[in-house]
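Before any comments, here is the structure.
Sequence positions, counted from 1, serve as the residue numbers for this chain. All figures in this text were calculated on a predicted structure; none of them were measured in a lab.
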Amino acid sequence: MASVFGRTHVVRPKGTHQATIVWLHGLGDKGSSWSQLLETLPLPNIKWICPTAPTRPVSLFGGFPSTAWFDAVDVSEDAPDDLDGLDATAAHVANLLSTEPADIKLGIGGFSMGAAAALYSATCHILGQYSNRNPYTVNLGCVVGLSGWLPCSRTLKNRMAGSNETGTRAASLPILLCHGSGDEVVPHKFGEKSAHFLRSSGFENLTFKSYDGLGHYTIPEEMDEVCRWLTDKLGLQGS
């Protein structure tokens with residue numbers, strides 16, 4: 001069944017358009033709540049695209065429908081992965097980025113389940129294909145994940161093995177992961193494990209930031225770090 005995505009909210013750059021980032025909300029949320037926050041950031045050269053996930057039955061909620069980028073039984077690395085849902089979301093994000101001008105740097109970010117979907121998109125970029133073997137053609141320049149986890153971590157190393165091109169792409173892709181030590185929804189250890197999995201799979205350009213006592217939400221200090229990191233990694237001017 002084709003996924004029906006909700007409304008997409010766009011925050012236009014206030015300065016010279018240098019980068020476009022698709023930002024994915026958390027489970028049960030919508031694109032508008034993040035677009036309002038992202039609009040306040042001192043990043044005038046970034047265009048933000050904030051889609052809304054399809055409303056679907058979610059196993060974590062006993063089948064109750066909610067906005068979700070994919071179905072989740074649990075938020076641990078031992079849970080089964082909804083590859084169809086992950087592929088559909090990654091393809092939707094790639095489609096949103098595919099119409100951007102050729103000279104614009106492209107990125108994906110997200111919070112919680114949105115961070116998980118962003119990291120899955122990163123692995124599709126590295127491998128050059130989705131799990132269904134369809135080609136992934138968008139060239140990502142950065143990935144940000146807040147309070148999230150890495151789907152399909154068990155199979156990632158094996159899928160990456162044997163391709164020099166894959167290793168080169170992984171080593172050069174900048175990734176920022178942030179996680180609160182007091183997160184009661186997606187425990188901090190899942191964020192740490194995800195960072196470890198990615199590093200050991202060849203993602204060398206990865207930064208992991210812990211925030212003492214932070215729960216499952218964002219704080220100004222964390223968003224300040226995101227702004228600094230994006231300005232540095234994307235080479236933005238005037239921020």
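To the nearest 0.5 Å, atom CG of residue Leu83 and atom OG1 of residue Thr155 are 7.5 Å apart. Distance check, rounded to the nearest 0.5 Å: OG1 of Thr52 to CG of Leu24 gives 10.0 Å. Annotation: the span from Ser147 atom OG to Leu214 atom CG amounts to 6.0 Å, rounded to 0.5 Å. To the nearest 0.5 Å, atoms CH2 (Trp34) and CH2 (Trp48) are separated by 9.5 Å. Within the model, atoms CD of Gln36 and OG1 of Thr40 stand 10.0 Å from one another, a figure rounded to the nearest 0.5 Å. Between the CG atom of Leu106 and the NE2 atom of His125 there is a distance of 10.0 Å, given to the nearest 0.5 Å.
Remark: side-chain polar atoms of Asp81 are paired, donor with acceptor, to backbone N or O of Cys152 under 3.5 angstrom. Ser59 contributes no side-chain N or O that, together with a main-chain N or O of Ala72, makes up a donor-acceptor pair within less than 3.5 Å. For the pair Arg56 (side chain) and Ala68 (backbone), a donor-acceptor distance under 3.5 Å is present. Between the side chain of Thr67 and the main chain of Gly28, a donor-acceptor pair closer than 3.5 Å is present. Under the 3.5 Å distance criterion, the side-chain polar atoms of Thr89 are left unmatched by any main-chain donor or acceptor of Leu86.
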Residues Asp87, Tyr120; criterion side chain to side chain donor-acceptor pair (under 3.5 Å); working and verdict: CA-CA 9 Å; Asp87 275 350; Tyr120 179 75; 2.5 Å; yes

Residue pair Phe203, Leu150: steps toward the side-chain contact (heavy atoms from CB on, under 4.5 Å) verdict: CA-CA 13 Å; Phe203 290 80; Leu150 172 67; over 6 Å; no

Does the pair Val93 and Trp23 meet the rule for a side-chain contact (heavy atoms from CB on, under 4.5 Å), with working shown? CA-CA 9 Å; Val93 172; Trp23 191 273; over 6 Å; no

Could you go through the side-chain contact (heavy atoms from CB on, under 4.5 Å) check for Lys105 and Ile21 one step at a time? CA-CA 8 Å; Lys105 292 164 182 169; Ile21 298 176; over 6 Å; no

Audit row: Leu41, Met223, side-chain contact (heavy atoms from CB on, under 4.5 Å) steps and yes/no: CA-CA 8 Å; Leu41 299 182; Met223 297 315 293; 4.0 Å; yes

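With a 4.5 Å cut-off on side-chain heavy atoms, Thr207 and Ile175 do not count as touching. Taking 4.5 Å as the limit, some side-chain heavy atom of Cys227 sits within range of a side-chain heavy atom of Pro42. Side-chain contact between Asp29 and Phe111: absent, with no pair of heavy atoms (C-beta onward) separated by less than 4.5 Å. Using a 4.5 Å heavy-atom cutoff, the side chains of His92 and Pro51 are in contact. Counting only heavy atoms from C-beta outward, the side chains of Ser112 and Leu27 never approach each other to under 4.5 Å. Looking at heavy atoms from C-beta onward, Cys50 lies out of side-chain contact with Val10 at the 4.5 angstrom threshold. Side-chain contact check for Lys14 versus Asn45: every heavy-atom pair is 4.5 Å or farther apart. Proximity of Pro174 to Trp229: side-chain heavy atoms (C-beta onward) are separated by under 4.5 Å at one or more points.
Taking the six-membered ring for Trp and thresholds of 30 and 60 degrees, Tyr136 and Tyr130 have ring planes more than 60 degrees apart, a perpendicular arrangement. Between Phe70 and Trp149, the ring planes lie perpendicular to each other; the angle is over 60°, past the 30° to 60° tilted range. Taking the six-membered ring for Trp and thresholds of 30 and 60 degrees, His25 and Trp69 have ring planes inclined between 30 and 60 degrees apart. Ring geometry for His179 against His188 counts as perpendicular: the plane angle is over 60°, on a 0 to 90° scale with 30° as the lower cut.
The two atoms that bring Asp183 and His216 nearest to each other are OD2-ND1, 2.8 Å, heavy atoms only. Residues Val143 and Ala122 share a closest heavy-atom pair of CG2-CB, 3.8 Å. The heavy-atom pair separating Gly141 from Leu173 by the smallest distance is C-CD1, 4.0 Å. Among all heavy-atom pairs drawn from Ile108 and Ser121, the shortest one is CD1-CB, 3.5 Å. Smallest separation of non-hydrogen atoms from Phe5 and Ala53: CD2-CA, 4.3 Å. Across Ile126 and Met160, no two heavy atoms sit closer than the pair CG2-CE, 3.9 Å.
Annotation: salt bridge (charged side-chain N to carboxylate O under 4.0 Å, His left out) contacts involving residues 124-136, sequence neighbours excluded, are absent. Legend: side-chain hydrogen bond (donor to acceptor under 3.5 Å, both in side chains) pairs involving residues 93-104, not counting sequence neighbours, sorted by first then second residue: Thr20-Glu100, Lys47-Glu100.
Two different hydrophobic clusters hold Val186 and Tyr211 under the rule that ILVMFWY side chains link at heavy-atom gaps under 4.5 Å. One hydrophobic cluster, built from ILVMFWY side chains closer than 4.5 Å, holds both Val185 and Leu177.
Within a 6.0 Å radius of CG in Asp212, other residues, nucleotides and ligands contribute 12 heavy atoms or fewer.
Glu192 has no carboxylate O lying under 4.0 Å from a charged side-chain N of Lys189, or vice versa, which leaves the two without a salt bridge.
Annotation: Phe208 is not in aromatic contact with His196 [ring centroid separation under 6.0 Å not met].
By the salt bridge (Lys or Arg N to Asp or Glu O under 4.0 Å) test, Glu184 is found to be paired with no residue, residues two or more places apart in sequence or in another chain being considered.
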